[in-house]
Amino acid sequence: MEYKFSEIEEKWKRFWAEKEIYKVTENSSKPKYYVLDMFPYPSGAGLHVGHPLGYVASDIYARYKRLKGFNVLHPMGFDAFGLPAEQYAIETGTHPAVTTEKAIKRYREQLDKIGFSFDWSRAVKTSDPSYYKWTQWIFLKLFGSWYNRELNKAEPLASLIQKFETSGCMEWSQHDKNDHPEFTAQEWMSFSHEQKEGILMYYRLAFLSYAEVNWCAALGTVLANDEIKDGKSERGGYPVERKRMRQWFLRITEYSDRLLEGLEKLDWSESMKDMQRNWIGRSEGALIDFRVLTPSPSPKERGTYVVPNFMNGRADVSAQNIIHAKSNRQNPTKAEAVLWEELRGNKLGFKFRRQHLIDKYIVDFVCLEKGLVVEADGSIHALTKEEDAIRTSVLVEKGFHVIRFTNDEILNSTKGVLEQIKTKLESLGDRNTALISGDEDDTSGIINPEALSSAEGLGEEHLKVFTTRPDTIFGATFLVIAPEHDLVTWLTTPEQKTEIDNYITYVKSRTDVERQQEKRVTGAFTGSYAINPFSGEQIPVWIAEYVLAGYGTGAIMAVPADDERDKKFAEKSGLPIVEIIDKSMHPGATIEDKVGKMINSDFLNGLEVKDAIKKILDKIEELGIGERKVNYRQRDASYSRQRYWGEPFPIRYEIVGKADAAFADEGESNDIPIPLDVASLPLVLPEVSSYKPTGDGKAPLANNADWLKNGYETDIMPGYAGSSWYFLRYMDPHNPEVFAAKDKIDYWQNVDLYLGGSEHAVGHLLYARLWHKFLFDLGYVGTDEPFKKLVNQGMIQGVSKFVYRSANRPDVFVSQTRLEGKDVTTDELAALGIQSFDELGALSEIHADVSFVEDGVLDIEAFKKWRTDYTKAKFLLSADGKYHCGSAVEKMSKSKYNVVNPDDVIGKYGADCFRMFEMFLGPLEQSKPWDDKGISGVYNFLRKFWRLFYSDGGEWKVTNDEPTAAEYKILHKTLKKVSEDIERLAFNTCVSSFMICVNELGSLNCHKKKVLEPLVIALAPLAPFITEELWAALGNSSSVHLASFPTIEEQYLVENSFDYPVSINGKVRAQVAFALDLAQEEIKQQVLALEQIQKWTNGAEPKKFIFVKGKIINVVV
RNA sequence: GCCGAAGUGGCGGAACUGGUAGACGCGCACGACUCAAAAUCGUGUAUCGAAAGGUGUGUGGGUUCGAUUCCCACCUUCGGUACCA
């Protein structure tokens, strides 16, 4: 009987589904094992042969574990929210749910054909309200939690509020002055609801903040940095601009250390861990204060000035960078902060903005409606009365009224000040807007140092630098700050102004790519000097683009003797270099290596670098000029998307004043987010009149009037929301009460083996770890890491095929062997209707669909039918009369016409063959091109296996005879090798061993049940269909997949002799069999007596005789 | 640049802990069966050489009785990351 895979596979596929044999429950005494594949996004294009590679591997593993007596959870589902369906909706009007449903159906059909053992009853879909109800629920938990750094875990906000109520935030190490001013418990109790909410927002793990983002108007969305290529959107190539927006964020930075430490315990590849480590980018160092000498004439004397508007249109500074840069700015004065808390959010019944640009001045606070400017004056203003007068007169001219208060007034009699402001507001009519000059909202270009709170005090400035090498401070001969640094204007002296302006113009003109590729360092001198706190020397302050505004403090101390870039910069700019480390004891050490002895460094002299770092850090802290500081590259994760097809936020706003524009400036939107009641979840994604964004920055949800009326958040959650916790839902997928019941979570715990592509290294895998750790902190899960073992399968690449088309004669295609145009006969030329080969001009490579090509030869007829413009194509063939194609290994993609659909392969060879061939292709983790040349080998194997059971005539050949020792040996050798290979996921060699086994049994003409039946079980994980058929034919009534893996009986594997290779000086010269229990002396004598060995030793005693039992004999002469 | 992975026949790859390099499969060649073809089965297949023997795992060194495996330097390819102080 022939092996008819299509009948067999159809039959058992139905059987498995009907009997639900892959359904798994928690009521089991067996040990659990959780095998998971990364969540697929069901794209409309369906699966290609690359996609199932990991699924096949995990399926084999899951099936094997089941046979080995584990209760295996092996689920599958769909990450169903996403941009492609939404993009399609925008183009065609089809609801994304419809598109997604269709794609899922197609995926499911394709997956079913391959014979996976998924428990489909547990399938989840992120776009299902019963699923995203819990995504929203977790979000609310994040929103309602803060990170307690003392206990190093997240806690519900209640504990924080209690803390504030009992002791305020005085002397609290977790309090950051940049966020909000210090307050006592009494003050906290007196704060308004809005004030309290404002402060709590600095602690919530899901929080609102203002950030500049990469706004792509055409796509109507904010893009991640990696979605931007050359300043344009990756998808579509639309322009990208920078906009400030109110966004949700997850405070992942609180978890940086734990995410880093957690890696140590995980069974992940080093490269994967490294990617996460690099992403988090922890570096230990110090913040050091450098006092800056006030330039002469001082900025106060110079008044205001304009710097180029370099912050616009720059795509490289991410939203997070900006937040960070902001925190690097000098603090607002306490008085300003206090007053702002009272003015913001329409508290006085009028809307105030702060740090607002009017004409060329930035005012502290302004109510535009009434035209009232409120200025908070530091002591500095006492000295600059005249200038303030000019400033006031300009403002009055523009239709503004100005009232001023001193810091003392504001702090000591806040109520009185507010009364005055209120009275003033009420006395004023609406402002005469005709007086206002154009773009008053553009605050980007002009900075008035008067308006910067940093100018408070007596005009002394400090530059904070971050360094990982504080030991080198005696070699710090200049400072470099980012061109975007706030103090650039303040520091620039009139003499240097032109140079600085020119440099900033230059920086602004450079694209990201140019800036990245540039190895040359460039910069400009500000004209100002700072004081090295240790050497006491005056050192110049430069700006240079190699210092980034978004990292550290945006300022560095340059140590040209010990830093490659600083050195280049110093050499180029003629700055002094002071050697501070003697590396003569470390030949070969590079300039950056942390080794050597300190020199020219005062009290550090003679110390090793490591010790010097410790000593200087102690000193810095003792002198109060800086502190130890750990810096991270990682930023808080942006969590808002201005799109439609995603999870709505379970948030509505208590609208304070008018509805805000999307591109709100800091402090403009005072709406207070209110979490929805858990009982009202899910907040279902509404229908909208258009899937397009509104154009003014509002997400498509703003197209639904009811939604707006209810004050719901119009942004949606990002793609990673649903996939950050789906592995938990599989444990209890239909529970309407909780995201997963505690007893089920306790049973399944976490994922034992996780398979997926390495492209998720820092996205999904980091966020999922964050969520899991958060849920762990709150006690919802019992493990603090979600994925114990992670394996990345390699990609299957496509093999593209090319035809070569003439530029001058687009109907003519030249075979790959004849591109040179040599030996082309006149007949051939005539057939093409040309005189000479050169008339064809350039020959361009064009992708031909791989389905038309077999063994490199093009099926010309199929190719002609492919496209209408090819119907009349003419071909210049090779000498063998065939058209040969060129080929190249590329990414498998539709656009390259190199996609191979698994359905086609299965139709031709069957699913078992497809599965085994995918595995046979090579190591799982390695990328490899798809080439079905070898598939016949696997197909032959399956048929050979089949023929052990059935003759060609269809007779059953299996006998009940007792196998011989040799036959048992083949069986148990194979069982051993196969289980070892599956355990270490070496499926390619596993397939090989089955082939060897079948070849050996074939040559022994073995058809014995006692050998074949165990083999059927062992092969079942790899080839589930054929084994099920044969298992039934062997007389079993239950499924082979519910059987037990056969016991390996070592007794058949015991060897009593070994065929030793005997080498002379490492070269094999003879093969001799010896009993394994023979003594070395005995063997030595026999070996030396051998004729082949005598030939080399000439009878002399060898220099050395090496004997490794069961391995090798080596004679050294 | 930095971090990581990898370089082995005509091709995919094997050799897991330093112990017979090239398992297994493809392809190719020859043979058997057949009127013939397909299918199947068998034999051979790193390379130079008639043979003896020599040479061979990206290149050059080293350690070792013995190295694809360990060490040093370099080259190439792929992936990640990018002026991170």
Side-chain angles (χ1 to χ4, degrees), chain A residues 2 226 269-275 277-279 281-283 285 465-469 472 480 482 515-521 544-548 550-559 562-566 568-569 588 592 631-634 758-759 761-762 792 794-795 797 855 889 917 920-923 925-941 943-944 947 952 977 980-981 984 986 988-996 999 1002-1003 1059-1071 1102-1108 1110-1117:
Chain A
E2 232 184 301
D226 61 352
S269 70
E270 266 318 299
S271 64
M272 189 60 54
K273 290 185 189 179
D274 275 340
M275 277 188 226
R277 287 189 192 113
N278 291 341
W279 186 261
R282 183 181 201 272
S283 52
V465 304
F466 175 73
T467 176
T468 53
R469 294 295 304 275
T472 62
V480 189
R515 250 178 111 160
Q516 278 168 22
Q517 283 171 350
E518 184 65 82
K519 292 293 162 224
R520 198 161 48 98
V521 284
E545 62 175 332
Y546 79 86
V547 175
L548 306 177
Y551 185 75
T553 60
I556 63 162
M557 61 177 215
V559 184
D562 212 55
D563 181 279
E564 200 62 56
R565 285 161 326 186
D566 295 347
K568 271 194 201 167
F569 194 78
E592 315 269 344
N631 216 357
Y632 298 92
R633 203 184 73 111
Q634 182 178 41
S758 56
E759 66 271 23
V762 285
N792 298 114
M795 271 204 310
Q797 294 141 317
D855 283 338
V889 173
F917 180 61
F920 189 60
L921 228 39
E925 297 180 72
Q926 223 165 283
S927 286
K928 53 238 156 186
W930 174 266
D931 185 351
D932 53 15
K933 250 194 341 205
I935 198 165
S936 60
V938 175
Y939 190 58
N940 284 344
F941 158 79
R943 288 190 307 174
K944 277 188 208 170
R947 281 203 303 273
D952 291 344
K977 173 85 172 119
E980 281 169 3
D981 282 351
R984 64 190 178 101
N988 53 334
T989 51
C990 180
V991 175
S992 295
S993 349
F994 275 115
M995 288 173 168
I996 294 168
N999 288 346
S1003 55
D1059 228 8
Y1060 284 94
V1062 182
S1063 348
I1064 305 294
N1065 295 339
K1067 284 272 166 203
V1068 182
R1069 299 294 175 182
Q1071 293 274 340
K1103 258 193 207 157
K1104 213 166 181 180
F1105 184 84
I1106 286 139
F1107 170 76
V1108 183
K1111 295 267 184 185
I1112 200 170
I1113 295 167
N1114 192 11
V1115 183
V1116 185
V1117 295

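In the text below, chain A, chain B and the rest are named by the order of the sequence lines, each starting its count at 1.
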Inset, instruction - Find the distance A:Lys1111:NZ to B:A67:P and express it as a whole number of Å. - result: 16 Å
Inset, instruction - With C1' as the reference atom in both, quote the distance from B:U69 to B:U63 in angstrom, rounded to an integer. - result: 14 Å
Inset, instruction - Pick base, sugar-phosphate or nothing for A:Pro923, based on heavy-atom distances below 4.0 Å to the nucleic acid. - result: sugar-phosphate
Inset, instruction - Can you tell me, in whole Å, how much space there is between the C1' of B:A67 and that of B:U57? - result: 11 Å
Inset, instruction - Quick one: list whatever passes ring-ring contact (aromatic ring centres under 6.0 Å, His included) with A:Phe1105, sequence neighbours left out. - result: none
Legend entry - Nucleotide forming a Watson-Crick or wobble pair with B:U68, both distances under 3.5 Å: none
So which protein nitrogen or oxygen atoms get under 3.5 Å of nucleotides 28-34 of chain B's nitrogens or oxygens?
none

Legend entry - Phosphate-side-chain proximity, A:Arg282 and B:C84, N/O vs OP1/OP2 below 4.0 Å: no
Legend entry - Base-pairing assignment for B:G4 (Watson-Crick or G-U wobble, both under 3.5 Å): B:C78
Inset, instruction - Using modelled atom types only, decide if a donor and an acceptor are shared between the side chain of A:Asp932 and the backbone of A:Ile935 within a distance under 3.5 Å. - result: no
Inset, instruction - Would you sort out whether A:Thr467 and A:Val559 count as a side chain to side chain contact (heavy atoms under 4.5 Å, CB included), showing the intermediate values? - result: CA-CA 10 Å; A:Thr467 176; A:Val559 184; over 6 Å; no
Inset, instruction - Take the protein atom NZ of A:Lys977 and the nucleotide atom P of B:A14, then report the distance between them rounded to whole Å. - result: 10 Å
Legend entry - Between B:C65 (P) and A:Ile1113 (CD1): distance, integer Å: 18 Å
Legend entry - Protein-nucleotide distance (A:Glu545, atom CD; B:A85, atom C1'), rounded to Å: 16 Å
Inset, instruction - Starting at atom CH2 of A:Trp279, determine the distance to atom C1' of B:G79, rounded to an integer number of angstrom. - result: 16 Å
Legend entry - Counterpart base for B:U55, defined by Watson-Crick or G-U wobble contacts under 3.5 Å: B:A46
Inset, instruction - Using the P atom as the reference point in each nucleotide, state the distance between B:A15 and B:G80 in Å, no decimals. - result: 27 Å
Inset, instruction - Could you measure between the two P atoms, the one in B:C24 and the one in B:C3, and give it in whole Å? - result: 40 Å
Legend entry - Phosphate-side-chain proximity, A:Arg277 and B:C3, N/O vs OP1/OP2 below 4.0 Å: no
Legend entry - Spacing of the C1' atoms in B:U47 and B:G9 (rounded, Å): 9 Å
Legend entry - From B:C84, B:G80, B:G66, nucleotide with atom closest to A:Asn1114 side chain: B:G66
Inset, instruction - For A:Gln1071 and A:Asp1059, work out which heavy atoms get closest and say how close. - result: OE1-O, 3.8 Å
Inset, instruction - For the side chain of A:Ile556, starting at C-beta, report the closest nucleotide among B:A85, B:C16, B:U20. - result: B:A85
Legend entry - 5' precedence on RNA chain B between A:Met557 and A:Ile1112 (nearest-nucleotide basis): A:Ile1112
Legend entry - Pairwise P distance for B:G1 and B:G13, with rounding to whole Å: 27 Å
Inset, instruction - Over 60° means perpendicular and under 30° means parallel, so classify the ring planes of A:Phe1107 and A:Tyr1060, tilted if in between. - result: tilted
Legend entry - Atom pair distance, as rounded to whole Å: OH in A:Tyr632 and P in B:A85: 14 Å
Inset, instruction - Report which part of the nucleic acid A:Gln1071 touches: base, sugar-phosphate, or nothing (heavy-atom distance under 4.0 Å, all strands). - result: base
Inset, instruction - Go through the structure and list residues passing side chain to side chain contact (heavy atoms under 4.5 Å, CB included) with A:Lys944, not counting sequence neighbours. - result: A:Arg947, A:Val998, A:Asn999
Legend entry - Under the side chain to side chain contact (heavy atoms under 4.5 Å, CB included) test, residues paired with A:Ser283 that sit two or more places apart: A:Phe466, A:Thr468, A:Tyr551, A:Asn631
Legend entry - Minimum-distance nucleotide (side-chain atoms of A:Asp274 versus B:C16, B:C3, B:G19): B:C3
Inset, instruction - Identify the residue among A:Met272, A:Arg282, A:Glu270 that makes a side-chain contact (heavy atoms from CB on, under 4.5 Å) with A:Arg277. - result: A:Glu270
Polar atom pairs between nucleotides 23-27 of chain B and protein, under 3.5 Å, N or O only, would you list them?
| from | atom 1 | to | atom 2 | distance (Å) |
| --- | --- | --- | --- | --- |
| B:G25 | OP1 | A:Asn999 | ND2 | 3.0 |
| B:C26 | O2' | A:Lys933 | O | 3.3 |

Inset, instruction - With heavy atoms under 4.0 Å as the rule, sort A:Ile1106 into base, sugar-phosphate or nothing. - result: base
Legend entry - Considering all heavy atoms, the nearest A:Ala544-A:Phe569 contact: CB-CE1, 3.8 Å
Inset, instruction - Answer with base, sugar-phosphate or nothing: what part of the nucleic acid does A:Arg1069 contact at a heavy-atom distance below 4.0 Å? - result: sugar-phosphate
Inset, instruction - Quickly work out the A:Lys568 NZ to B:G1 P distance and round it to whole Å. - result: 11 Å
Inset, instruction - Return the value, rounded to whole Å, for the distance between atom CZ of A:Phe1107 and atom P of B:C65. - result: 19 Å
Legend entry - Distance test, side-chain N/O of A:Gln926 to OP1/OP2 of B:G13, below 4.0 Å: yes
Inset, instruction - Please work out whether B:G9 sits syn or anti, treating a glycosidic angle within 90° of 0 as syn. - result: syn
Inset, instruction - Sequence neighbours left out, what passes side chain to side chain contact (heavy atoms under 4.5 Å, CB included) with A:Glu759? Give chain and number order. - result: none
Inset, instruction - Quote, to the nearest angstrom, the P distance that separates B:A50 from B:U43. - result: 27 Å
Legend entry - Pairwise C1' distance for B:A21 and B:G66, with rounding to whole Å: 13 Å
Inset, instruction - Could you check if a side-chain atom of A:Lys1103 sits within less than 4.5 angstrom of a side-chain atom of A:Asn1065, using non-hydrogen atoms only? - result: no
Inset, instruction - State whether the side chain of A:Lys928 and the backbone N or O of A:Pro923 hold a donor-acceptor pair below 3.5 Å, judged by distance alone. - result: yes
Inset, instruction - Let me know, please, whether A:Asp1059 or A:Gly922 comes out on the 5' side of the other along RNA chain B by nearest nucleotide. - result: A:Gly922
Inset, instruction - Ignoring backbone atoms, establish whether A:Arg943 has a side-chain N or O less than 4.0 Å from OP1 or OP2 of B:A39. - result: no
